[in-house]
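Below is one structure; the comments refer to it alone.
Values in this document were obtained by computation on a predicted structure and should not be read as measured data. Computed from heavy atoms alone, side chains included, the values below leave out hydrogens, waters and symmetry copies.
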Amino acid sequence: MRILLIGAGGRLGAAVHQALTARGHTVVTAGRTGGDLRFDVTDPEQITALYDAAGQAGPLDAVASAAGSVPYKPLPDMTPADWTAAFLGKVQSQLELVRQGTARISPRGSFTLITGVLARSPIITGTAASMANGAVEAFVRAAAVEIAPQRINAVSPTVFTEALDVYGDHFPGFPPVPLAEVAQAYVRTVEGPETGRILQLGD
């Protein structure tokens with residue numbers, strides 16, 4: 001398959017890239033500051049340009065997103081701009097990849113989005129992430145009904161084992177999940193038949 005991978009320069013994206021290429025897929029990487037193609041997916045016009053560039057070398061069979069940023073602050077410190085940043089950084093960016101991508105990938109192609117454990121198990125300072133993850137997961141279920149036979153799923157991990165040194169204190173008691181396991185969930189959604197699924201990992 002020919003797969004467009006968003007966020008390949010990040011910790012998760014690198015693991016997904018390795019897992020997909022190990023399966024023999026051709027992976028076109030994209031990101032704001034790294035990758036084969038440099039575009040900011042929080043801007044719908046740049047998503048259009050990204051698809052134009054990615055499609056020049058041939059049709060796409062799948063789109064996988066491993067990128068999404070949200071602010072982490074105590075609720076009283078959140079501002080309207082913070083909510084907007086969370087929406088643009090993790091929700092609108094991924095929704096727009098799907099909206100524009102339905103006309104850009106193969107008729108039986110797939111989309112894989114990234115959410116996270118905070119959609120179902122909140123933490124202190126994580127309201128924006130909980131909101132964004134929940135919105136993406138609801139969208140996946142709804143979009144699956146409309147875009148068939150194209151498929152859409154989300155990967156929803158807990159804290160990465162490899163990131164415990166940085167984020168472990170924010171997730172007390174949460175079982176960590178290795179990046180390699182999360183990456184295999186992307187392989188499953190890209191190659192398998194499922195749609196409308198939220199693959200929960202590590203909890």
| query | Do other residues, nucleotides or ligands put more than 12 heavy atoms under 6.0 Å from the CG atom of D77? | reply | yes
| Nearest non-hydrogen partners of I47 and S93, listed with the distance | CD1-O, 3.8 Å
| request: State the OG-CD distance between S106 and Q150, to the nearest 0.5 angstrom. | output: 7.0 Å
| So, do T112 and V190 sit near enough that their side-chain heavy atoms are less than 4.5 Å apart? | yes
| Listed partners of R38 passing side chain to side chain donor-acceptor pair (under 3.5 Å), at least two apart | none
| said: Could you check whether any side-chain N or O of T195 sits under 3.5 Å from a backbone N or O of I152, counting only pairs where one atom can act as donor and the other as acceptor? | reply: yes
| field | Where A128 and M78 come nearest, the two heavy atoms and their spacing | value | CB-CE, 3.6 Å
| field | Backbone of T48 reached by a side-chain donor or acceptor of Q100 within 3.5 Å | value | yes
| task | For residues 133-143, pull every pair meeting side-chain hydrogen bond (donor to acceptor under 3.5 Å, both in side chains), keeping only residues two or more places apart or in separate chains. | result | K90-N133, T115-E137, E137-S156
| remark: Contacts of R2 meeting salt bridge (charged side-chain N to carboxylate O under 4.0 Å, His left out) (sequence neighbours excluded), chain-then-number -> none
| said: Quick test of your reading of the model: are R11 and E162 salt-bridged, counting only N-O distances below 4.0 Å? | reply: no
| request: Applying side chain to side chain donor-acceptor pair (under 3.5 Å), name anything that partners T79, two or more places apart in sequence or on another chain. | output: D82
| note | Minimal heavy-atom distance between A183 and A15, with the atoms involved, is CB-O, 3.5 Å
| query | For F160, which residues count as a ring pair (Phe, Tyr, Trp, His ring centres under 6.0 Å) partner, sequence neighbours excluded? | reply | none
| task | Please report the shortest heavy-atom distance between A67 and G7, naming the atom on each side. | result | CB-CA, 3.9 Å
| Does the side chain of L97 come within less than 4.5 Å of I6's, by heavy atoms? | yes
| said: Rounded to the nearest 0.5 Å, what separates atom OG in S110 from atom OH in Y186? | reply: 11.5 Å
| field | Test item: I147 and F111 side chains (from C-beta on) under 4.5 Å apart, heavy atoms | value | yes
| query | Under the salt bridge (charged side-chain N to carboxylate O under 4.0 Å, His left out) test, which residues partner D36, sequence neighbours left out? | reply | none
| said: Are V63 and M1 linked, directly or through intermediate hydrophobic residues, by side-chain heavy-atom contacts shorter than 4.5 Å (ILVMFWY only)? | reply: no
| request: Evaluate the side-chain proximity of S69 to T42: yes if any heavy-atom separation is below 4.5 Å, no if none is. | output: no
| Would you say the side-chain atoms of Q94 pair up with the backbone N or O of V136, donor to acceptor, closer than 3.5 Å? | no
| Linking I/L/V/M/F/W/Y whenever their side-chain heavy atoms sit closer than 4.5 Å, directly or via other members, would V16 and V177 fall into one cluster? | yes
| query | Going by heavy atoms in the side chains, are V140 and I198 under 4.5 Å from each other? | reply | yes
| field | Residue pairs involving residues 51-62 (criterion side-chain hydrogen bond (donor to acceptor under 3.5 Å, both in side chains); sequence neighbours excluded) | value | D52-R104
| said: Tell me every residue that passes side chain to side chain contact (heavy atoms under 4.5 Å, CB included) with Q92, counting only those two or more places apart in sequence or in another chain. | reply: P44, F87, L88
| task | Please test F139 against V91 for side chain to side chain contact (heavy atoms under 4.5 Å, CB included), starting from the C-alpha separation and ending with a verdict. | result | CA-CA 9 Å; F139 170 78; V91 184; over 6 Å; no
| said: With a 4.5 Å cut-off on side-chain heavy atoms, are L179 and T161 touching? | reply: no
| query | CD of E181 to CG of L201: how many Å apart, nearest 0.5 Å? | reply | 5.5 Å
| request: Could you list the residues that satisfy side chain to side chain contact (heavy atoms under 4.5 Å, CB included) with A49, not counting sequence neighbours? | output: F39
| field | Same cluster (ILVMFWY, side-chain, under 4.5 Å), L113 and V182 | value | no
| field | Transitive ILVMFWY side-chain link V28 to I114, under 4.5 Å | value | no
| When Ile, Leu, Val, Met, Phe, Trp and Tyr are grouped by side-chain heavy atoms lying under 4.5 Å apart, directly or through other members, which residues fall in the same group as L118? | V70, Y72, V117, I123, V159, L164, V166, Y167, F171, F174
| Partners meeting side chain to side chain donor-acceptor pair (under 3.5 Å) with E194 (sequence neighbours left out) | R188, R197
| query | Between the main-chain N or O of A19 and the side-chain N or O of Q184, is there a donor-acceptor pair closer than 3.5 Å? | reply | no
| field | T189 and L199: CA distance, side-chain angles, deciding distance, side chain to side chain contact (heavy atoms under 4.5 Å, CB included) verdict | value | CA-CA 9 Å; T189 60; L199 275 62; 3.8 Å; yes
| Sequence-distant partners of T26, side chain to side chain donor-acceptor pair (under 3.5 Å), two or more places apart | none
| request: Could you tell me whether the side chain of R120 and the main chain of Q200 form a donor-acceptor pair under 3.5 Å? | output: no
| note | Nearest heavy-atom contact between L4 and A30 is CD1-CB, 4.1 Å
| task | Step by step, work out the side chain to side chain contact (heavy atoms under 4.5 Å, CB included) result for Q46 and D40. | result | CA-CA 6 Å; Q46 291 201 40; D40 180 358; 3.6 Å; yes
| Can you find a heavy atom in the side chain of E96 that is under 4.5 Å from one in the side chain of V41? | no
| Can you get from L50 to L95 by hopping between Ile, Leu, Val, Met, Phe, Trp and Tyr side chains that sit under 4.5 Å apart? | yes
| Within a strict 4.5 Å, meaning less than it, do heavy atoms of the E191 and H25 side chains meet? | yes
| request: Taking all non-hydrogen atoms of both residues into account, name the closest pair between L5 and A8 and its distance. | output: CD2-CB, 3.7 Å
